[in-house]
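What follows is a single structure, written as structure tokens, with notes after it.
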Amino acid sequence: SAVISQKPSRDICQRGTSLTIQCQVDSQVTMMFWYRQQPGQSLTLIATANQGSEATYESGFVIDKFPISRPNLTFSTLTVSNMSPEDSSIYLCSADPGQEVYGYTFGSGTRLTVV
Amino acid sequence: GQQLNQSPQSMFIQEGEDVSMNCTSSSIFNTWLWYKQDPGEGPVLLIALYKAGELTSNGRLTAQFGITRKDSFLNISASIPSDVGIYFCAGQLGDMRFGAGTRLTVKP
């Protein structure tokens, strides 16, 4: 199955700044996704990153706050813009390998703390 | 949107005991999946279920896809300390939605 390298693994950022999280997959995948996991909580889908087109955002998430890039079939970035302490969370990227084995592969996550 | 209700929220068990957790939904899913998340890591897929009624095992883990396609359970037999972690159910119908997780603690 696909292996995802996600970075940074953690960061502490000042409010009002932006952070870009990168995910690199070791094989070409059609679909990539970005999730947020608040402390002790489940995973909430932020958006689906589509190669060659704009990302599709879930209710409650907007492009201005979470711009996403998907320049090719192995790479995606998520930017958390104009951060506030409420953005402190774990951000996870995942990929749908689109093969017989269902289920997504996840990166190890980015633990973001906004101070 | 699709809501998954996962229970129990947490479990404290003795090593060697069996564990059971389940998920229910008001919506139908095409695929049910069970993931485990260790601290500081992303979720790792344990078992995937593709057909209603399907019962699948992976070592000490057994999971079933409910006949209504709206529920699933995961059993862990003879628990060991490394089973500690958070277990998430997930339903897939296009994209994937996650339950709230079951935090498992295993006492040696």
Side-chain angles (χ1 to χ4, degrees), chain A residues 1-11 21 23-25 29-50 55-61 78 89-113, chain B residues 1-10 21-25 27 29-52 54 56 58 61 63 65 69 72 74 85-105:
Chain A
S1 61
V3 175
I4 299 178
S5 300
Q6 182 174 344
K7 59 180 181 181
S9 59
R10 59 178 61 231
D11 208 342
I21 302 167
C23 270
Q24 178 74 52
V25 190
V29 293
T30 304
M31 301 178 76
M32 292 185 72
F33 307 88
W34 288 95
Y35 285 84
R36 182 173 71 184
Q37 185 178 27
Q38 294 180 309
Q41 302 296 316
S42 185
L43 287 76
T44 300
L45 182 63
I46 297 172
T48 301
N50 306 306
T56 306
Y57 289 83
E58 296 299 304
S59 175
F61 298 96
L78 170 77
S89 191
I90 298 171
Y91 293 86
L92 294 145
C93 67
S94 69
D96 183 352
Q99 299 166 353
E100 280 189 12
V101 177
Y102 288 74
Y104 299 168
T105 301
F106 283 84
S108 56
T110 296
R111 183 179 293 272
L112 171 62
T113 303
Chain B
Q2 303 145 335
Q3 294 278 344
L4 272 69
N5 301 306
Q6 183 173 350
S7 65
Q9 190 174 30
S10 61
M21 59 191 79
N22 69 84
C23 266
T24 60
S25 171
S27 303
F29 289 103
N30 287 339
T31 307
W32 278 94
L33 307 106
W34 287 90
Y35 285 84
K36 183 188 179 206
Q37 186 176 29
D38 292 325
E41 299 293 327
V44 174
L45 182 65
L46 297 174
I47 289 182
L49 301 153
Y50 313 125
K51 298 179 187 176
E54 178 181 356
T56 296
N58 178 8
L61 277 60
F65 191 147
R69 296 168 62 193
S72 177
L74 174 71
I86 303 176
Y87 292 78
F88 291 99
C89 64
Q92 188 169 17
L93 183 66
D95 58 31
M96 188 175 296
R97 308 287 166 158
F98 285 81
T102 296
R103 185 178 295 271
L104 178 64
T105 302

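Values in this document were obtained by computation on a predicted structure and should not be read as measured data. Letters A, B, ... mirror the listed sequences (proteins, then strands); counts begin at 1.
- With a 4.5 Å cut-off on non-hydrogen atoms, B/Gln6 does not touch chain A at all.
- Under the ring pair (Phe, Tyr, Trp, His ring centres under 6.0 Å) rule, B/Phe98 has a single partner from A/Tyr104, A/Phe33, A/Tyr35, which is A/Tyr35.
- Here the straight-line distance linking atom CD of B/Glu41 with atom CD1 of A/Ile90 works out to 10.5 Å at 0.5 Å rounding.
- Heavy atoms closer than 4.5 Å to chain B are found in the side chain of A/Gln37, but not in its backbone.
- Contact check for B/Leu4 versus A/Ser42: no side-chain heavy atoms found under the 4.5 Å cut-off.
- In this structure, CZ on B/Arg97 lies 5.5 Å from CG on A/Leu45, to the nearest 0.5 angstrom.
- Shortest non-hydrogen contact noted between B/Gly42 and A/Leu92 is CA-CD2, 3.8 Å.
- Both the backbone and the side chain of A/Leu43 come within less than 4.5 Å of a heavy atom of chain B.
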